[in-house]
Amino acid sequence: MADHSRPSRRVRPAVVLLAVLAVLAALLTACGSSGPRNLLDDIRAGHVVLGTKFDQPGLGLQNPGGKITGFDASVSTFVVNYLADQMKVPHPKITWKETPSAQRETFIRNGEVDTIAATYSITPERMKDVAFAGPYFITYQGLLVRKDDHSLNALQDLPGKKLCSVAGSTPAQNIKKMMPDVQLQEYDSYSSCVEALLRGKVDALTTDEVILAGYSNRWKNEFKLVTLEYAKDVCVAGKIDGKKAQVLKIAGTPFSYERYGIGMAKDFPEAVAKVNEALRAMMATPPSGGRSIWETDLRDALGDSTVDAMIARADAPGSKFAFTPDPGDLSFLDSASTPCPEGMK
Ligand code: GLU
């Protein structure tokens, strides 16, 4: 008896180890965290996982039935279907994944999504971790304020106010860096910020104007939008040649430019180039004239009056606001800031 039991006792740890490894491998695959995904391979295989927001009306919103609507969702869908047509394969099945602001780089790096179009600004810091196609939209940091609050009308009214924004977002970082005397509460979603604003727990929500427009359209007559721009020439904290420096902001310059990209793994530059091609096709004027698919989808998502106001502001003489993005052109990342002139504050 004793002789028989000995060999089986020696085998058991190895078997258990193998079983554990098999379960771990299966779990990693199921979670999609087996390495970055290549969009082109997944389109060819017939199934893509696209990241977006689920709580931002007009941009990425999950309806009660589970359907995802909004401009970011339209752009992502156009891109994968356009590329599938180009590759002469059927349109892939789309699984949507909610990608909160603070988790986007991680989701891309871990291969939990093929792409993220989620009001995702292209920044040099994020480009250390991920690649971006785009920009496919340009917006600016602004404020959402309760309609009956007459104390907050411009950038210079911010000191001493209580704001909310979202952790991991550029607007939250901008406030911390540029406006240390503003109290900032960081939530994990903009919808919880809107709740806090409605209940009077904060004075304003700050993020991209296009996101704020979506909430303001949704809660008719509750809120007003405030543009954030420099009222006079000033010197502010910035960077020159990658080093911290005081930089000049001319009167009328937006507080921040937010250019939306489609975030993707850094490993597949060909996929990024193809997505840029798809974005340019979406923005092209149809041969018969009229609006591009891009502008039609934008108007459907945000409403004509919001889009008309964006175009009018960009077209005004001397405006420092732009409307039309240029997919594939990331030269704005290198555009030099002007040093603060001697003796100016
Ligand atoms: N566009 C900004 C960002 O990428 C704010 C919007 C967001 O948090 O999704 O951080």
Side-chain angles (χ1 to χ4, degrees), residues 50-62 68-76 96-109 113 115-144 163-179 184-197 202 204-216 218 225-228 254-264 298 301-302 310 321-323 325 327 330 332-333:
L50 306 181
T52 195
K53 298 292 182 71
F54 279 14
D55 68 333
Q56 295 181 190
L59 293 153
L61 185 71
Q62 187 175 46
I68 309 295
T69 58
F71 183 60
D72 280 337
S74 307
V75 171
S76 304
W96 294 101
K97 181 156 179 78
E98 185 173 23
T99 49
S101 299
Q103 291 173 41
R104 293 175 289 200
E105 290 83 56
T106 309
F107 280 9
I108 292 171
R109 271 200 322 252
V113 290
T115 60
I116 294 183
T119 58
Y120 196 9
S121 297
I122 304 172
T123 69
E125 292 73 28
R126 289 172 179 166
M127 286 190 74
K128 290 178 189 151
D129 285 327
V130 301
F132 284 101
Y136 65 89
F137 192 70
I138 310 175
T139 183
Y140 308 88
Q141 182 167 350
L143 297 179
L144 191 69
L163 302 192
C164 69
S165 194
V166 162
S169 71
T170 46
Q173 286 158 16
N174 292 339
I175 291 293
K176 285 190 274 190
K177 190 171 81 186
M178 315 284 285
M179 309 233 119
L184 180 72
Q185 294 184 4
E186 293 182 72
Y187 289 72
D188 53 14
S189 70
Y190 291 109
S191 44
S192 44
C193 253
V194 172
E195 286 297 317
L197 180 60
V202 292
L205 153 53
T206 186
T207 189
D208 306 337
E209 288 182 342
V210 70
I211 300 175
L212 303 176
Y215 289 121
S216 162
R218 171 90 174 248
L225 298 169
V226 173
T227 302
L228 293 180
F255 178 64
S256 90
Y257 290 84
E258 305 294 328
R259 295 174 176 92
Y260 290 171
I262 300 194
M264 305 170 68
L298 188 66
L302 302 176
M310 289 173 179
F321 291 79
F323 173 70
L330 299 183
F332 62 87
L333 290 169

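Since the structure is predicted, the reported quantities are computational estimates derived from the model, not experimental observations. Note that these values count all heavy atoms, side chains included, but never hydrogens, waters or copies made by symmetry. We count ligands from 1, going down the list as the structure has it; atoms in each ligand are counted the same way.
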Colleague: Distance check, rounded to the nearest 0.5 Å: L197 atom CG versus L163 atom CG?
Modeller: 10.0 Å
Colleague: Could you pull out every donor-acceptor pair under 3.5 Å between side chains of residues 257-264 and any protein atom, sequence neighbours left out?
Modeller:
from: Y257; atom 1: OH; to: K320; atom 2: O; distance (Å): 2.7
from: E258; atom 1: OE1; to: S121; atom 2: OG; distance (Å): 2.6
from: E258; atom 1: OE1; to: T170; atom 2: OG1; distance (Å): 2.7
from: E258; atom 1: OE2; to: S256; atom 2: OG; distance (Å): 2.7
from: Y260; atom 1: OH; to: D208; atom 2: OD2; distance (Å): 2.5

Colleague: Using side chain to side chain contact (heavy atoms under 4.5 Å, CB included) as the criterion, point out the one residue from T52, T115, I108 that pairs with Y120.
Modeller: I108
Colleague: Pairs under 3.5 angstrom, nitrogen or oxygen on both sides, ligand 1 versus protein: list them out, please.
Modeller:
from: ligand 1; atom 1: 1 (N); to: T119; atom 2: O; distance (Å): 2.8
from: ligand 1; atom 1: 1 (N); to: S121; atom 2: OG; distance (Å): 2.7
from: ligand 1; atom 1: 1 (N); to: D208; atom 2: OD2; distance (Å): 2.6
from: ligand 1; atom 1: 4 (O); to: R104; atom 2: NH2; distance (Å): 3.1
from: ligand 1; atom 1: 4 (O); to: T119; atom 2: O; distance (Å): 3.1
from: ligand 1; atom 1: 4 (O); to: S121; atom 2: N; distance (Å): 3.0
from: ligand 1; atom 1: 4 (O); to: R126; atom 2: NH1; distance (Å): 2.9
from: ligand 1; atom 1: 8 (O); to: S101; atom 2: OG; distance (Å): 2.6
from: ligand 1; atom 1: 8 (O); to: Y190; atom 2: OH; distance (Å): 2.7
from: ligand 1; atom 1: 9 (O); to: K53; atom 2: NZ; distance (Å): 2.6
from: ligand 1; atom 1: 9 (O); to: S101; atom 2: OG; distance (Å): 3.4
from: ligand 1; atom 1: 9 (O); to: R104; atom 2: NH1; distance (Å): 2.9
from: ligand 1; atom 1: 9 (O); to: T119; atom 2: O; distance (Å): 3.2
from: ligand 1; atom 1: 9 (O); to: T119; atom 2: OG1; distance (Å): 2.7
from: ligand 1; atom 1: 10 (O); to: R104; atom 2: NH2; distance (Å): 3.2
from: ligand 1; atom 1: 10 (O); to: R126; atom 2: NH2; distance (Å): 2.9
from: ligand 1; atom 1: 10 (O); to: T170; atom 2: N; distance (Å): 2.9
from: ligand 1; atom 1: 10 (O); to: T170; atom 2: OG1; distance (Å): 3.3

Colleague: Which residue is it: D72, T119, T207? I am looking for the one with a side-chain hydrogen bond (donor to acceptor under 3.5 Å, both in side chains) to Q56.
Modeller: T119
Colleague: Check whether any side-chain heavy atom of Q185 lies under 4.5 Å from a side-chain heavy atom of Y187, and answer yes or no.
Modeller: yes
Colleague: Would you mind checking if R109 and D129 are paired as a salt bridge, meaning a charged N to carboxylate O distance below 4.0 Å?
Modeller: yes
